[in-house]
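See below for the structure under consideration.
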Amino acid sequence: MANIHNVTEFFFLGLSSNQEVQRVCFVIFLFLYMAIVFGNLLMVVIVAVSRNLGSPMYFFLSSLSFVEICYSSTTAPKLIVDLLAEKKSISVWGCMAQLFFMHFFGGIEMFLLTMMAYDRYVAICKPLHYTSIMNRQVCTVLVGMAWMGGFVHSLAQVLLIFRLPFCGPNIIDHYFCDVLPVLKLVCSDTFLIGLLIVVNGGTLSVISFVVLLSSYAVILFHLRTQSAEGRRKALSTCGSHVTVVVIFFAPCVFIYLRPTATLPIDKMVTVFYTVITPLLNPIIYSLRNAEVKKAIKILWTRATKVDKK
């Protein structure tokens, strides 16, 4: 088998070859990335300082917001820099690192969303036992398991690709290193590796997606016995979760539950779940949650009082 270091660096084609389009995209993605960091960091700070947001749901939400910052930071800064760069290159080791952290934080987000669905199931279907089942120790263990699951998933993806021979060409038709675009550069048969990647990435996405939707279906069935006010509050909270689940998992399933073939639309779909989804998450959770909006107002009031002093 050829050594991976026969190729020392890869070159990205990026989102567009038109320089004017690249300049416009630079401004847009720089703004979007700053909004992602600000919005998700705000959620982390609000949950940390607000006494009213001490429930397990907000603990998971804070963890999700932190992961979203890390997740978008694996691709967005490089994309932004490359939009103004003449040479869009990355070393082989840098490519493998980007691929690892992309799937690491993406896997964590996948597992966190599943655990948030379980939290809502316990809160709505077993309210009398909620505090004993979802105590802080259990929540910490669940978040730790999400990080471990993301690590195992990502390590498997990298190990499947790392030892493959890259003999050239070294041009990636994408704006970052992902398994399918990189796999196209391998100078050996990748059918079996492609199937394993589908099993590891696509099947995991589908199973998690089905489990999540099934959990919310059980919750909706249980809500039939509750009061109108109870149904309204539960549906409002679950509605936010379902929205985030759909906008994250639908593009992932589209990308990773396919053979090794890539499509022209893949870049736009990838932008959606690497940039748009991390941007929308804090907006969705804050706009649809009265407690979060109240905490933001309190934090803003405190900040303005400090400024006046």
Side-chain angles (χ1 to χ4, degrees), residues 43 47 52-65 67-68 106-150 152-153 199-257 273 277-278 280-292:
M43 290 299 299
V47 173
N52 297 326
L53 303 180
S55 69
M57 182 180 73
Y58 298 110
F59 176 72
F60 288 124
L61 179 57
S62 176
S63 300
L64 179 65
S65 294
V67 169
E68 290 285 28
I108 295 171
E109 179 170 356
M110 192 182 302
F111 291 119
L112 278 177
L113 289 171
T114 306
M115 290 166 185
M116 290 173 74
Y118 175 71
D119 171 71
R120 290 299 84 201
Y121 164 76
V122 176
I124 294 170
C125 300
K126 299 182 179 180
L128 298 179
H129 304 284
Y130 178 65
T131 54
S132 60
I133 295 175
M134 300 300 295
N135 57 60
R136 181 49 65 99
Q137 184 178 0
V138 170
C139 292
T140 303
V141 170
L142 289 175
V143 170
M145 288 173 61
W147 281 72
M148 182 59 68
V152 172
H153 161 70
V199 170
N200 183 36
T203 307
L204 181 62
S205 299
V206 170
I207 292 173
S208 300
F209 190 43
V210 170
V211 169
L212 282 161
L213 293 183
S214 300
S215 300
Y216 289 118
V218 172
I219 290 172
L220 289 174
F221 180 79
H222 183 81
L223 287 176
R224 296 185 310 161
T225 60
Q226 294 196 8
S227 63
E229 179 63 19
R231 285 198 300 268
R232 187 192 63 78
K233 290 181 66 176
L235 287 173
S236 177
T237 302
C238 291
S240 301
H241 293 191
V242 171
T243 303
V244 171
V245 165
V246 171
I247 64 176
F248 177 74
F249 276 95
C252 288
V253 170
F254 175 79
I255 293 292
Y256 296 111
L257 196 65
Y273 70 80
T277 300
L280 292 178
N281 279 0
I283 297 174
I284 292 170
Y285 282 115
S286 61
L287 291 180
R288 294 180 62 91
N289 191 302
E291 290 181 334
V292 172

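Predicted model, so just to flag it, every value in this text is computed and none were measured.
- Side-chain atoms of S62 never come within 3.5 Å of backbone atoms of Y58 as a donor-acceptor pair (strictly under, hydrogens ignored).
- Rounding to the nearest 0.5 Å gives a distance of 10.0 Å between CE of M110 and CG of L212.
- E109 CD to S63 OG: the interatomic distance, rounded to the nearest 0.5 Å, is 12.0 Å.
- Relative to the six-membered ring of Y216, R120 misses at least one condition, a distance below 6.0 Å or an angle of at most 45° to the axis.
- You'll find the side chain of M43 reaches within 4.5 Å of the side chain of L61, heavy atoms only.
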Show your reasoning for whether side-chain contact (heavy atoms from CB on, under 4.5 Å) applies to D119 and F59.
CA-CA 11 Å; D119 171 71; F59 176 72; over 6 Å; no

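- Between the CZ atom of F111 and the CE atom of M116 there is a distance of 15.5 Å, given to the nearest 0.5 Å.
- Taking Y273 as the reference, Y256 meet the side-chain hydrogen bond (donor to acceptor under 3.5 Å, both in side chains) condition, with sequence neighbours excluded.
- For the atom pair CE (M134) and CE (M115), the distance works out to 9.0 Å, reported to the nearest 0.5 Å.
- With rounding to the nearest 0.5 angstrom, the CG atom of L112 is 9.5 Å from the CD atom of E68.
- Counting only distance, with no hydrogens or angles, the side chain of N135 and the backbone of S132 share a donor-acceptor pair below 3.5 Å.
- Screening residues 116-149 for ring pair (Phe, Tyr, Trp, His ring centres under 6.0 Å) gives F104-W147 as the qualifying pairs, with residues at least two apart or on separate chains.
- For the atom pair CD1 (I108) and CG (L113), the distance works out to 12.0 Å, reported to the nearest 0.5 Å.
- In this structure the side chain of I284 reaches within 4.5 angstrom of the side chain of I247, judged on heavy atoms.
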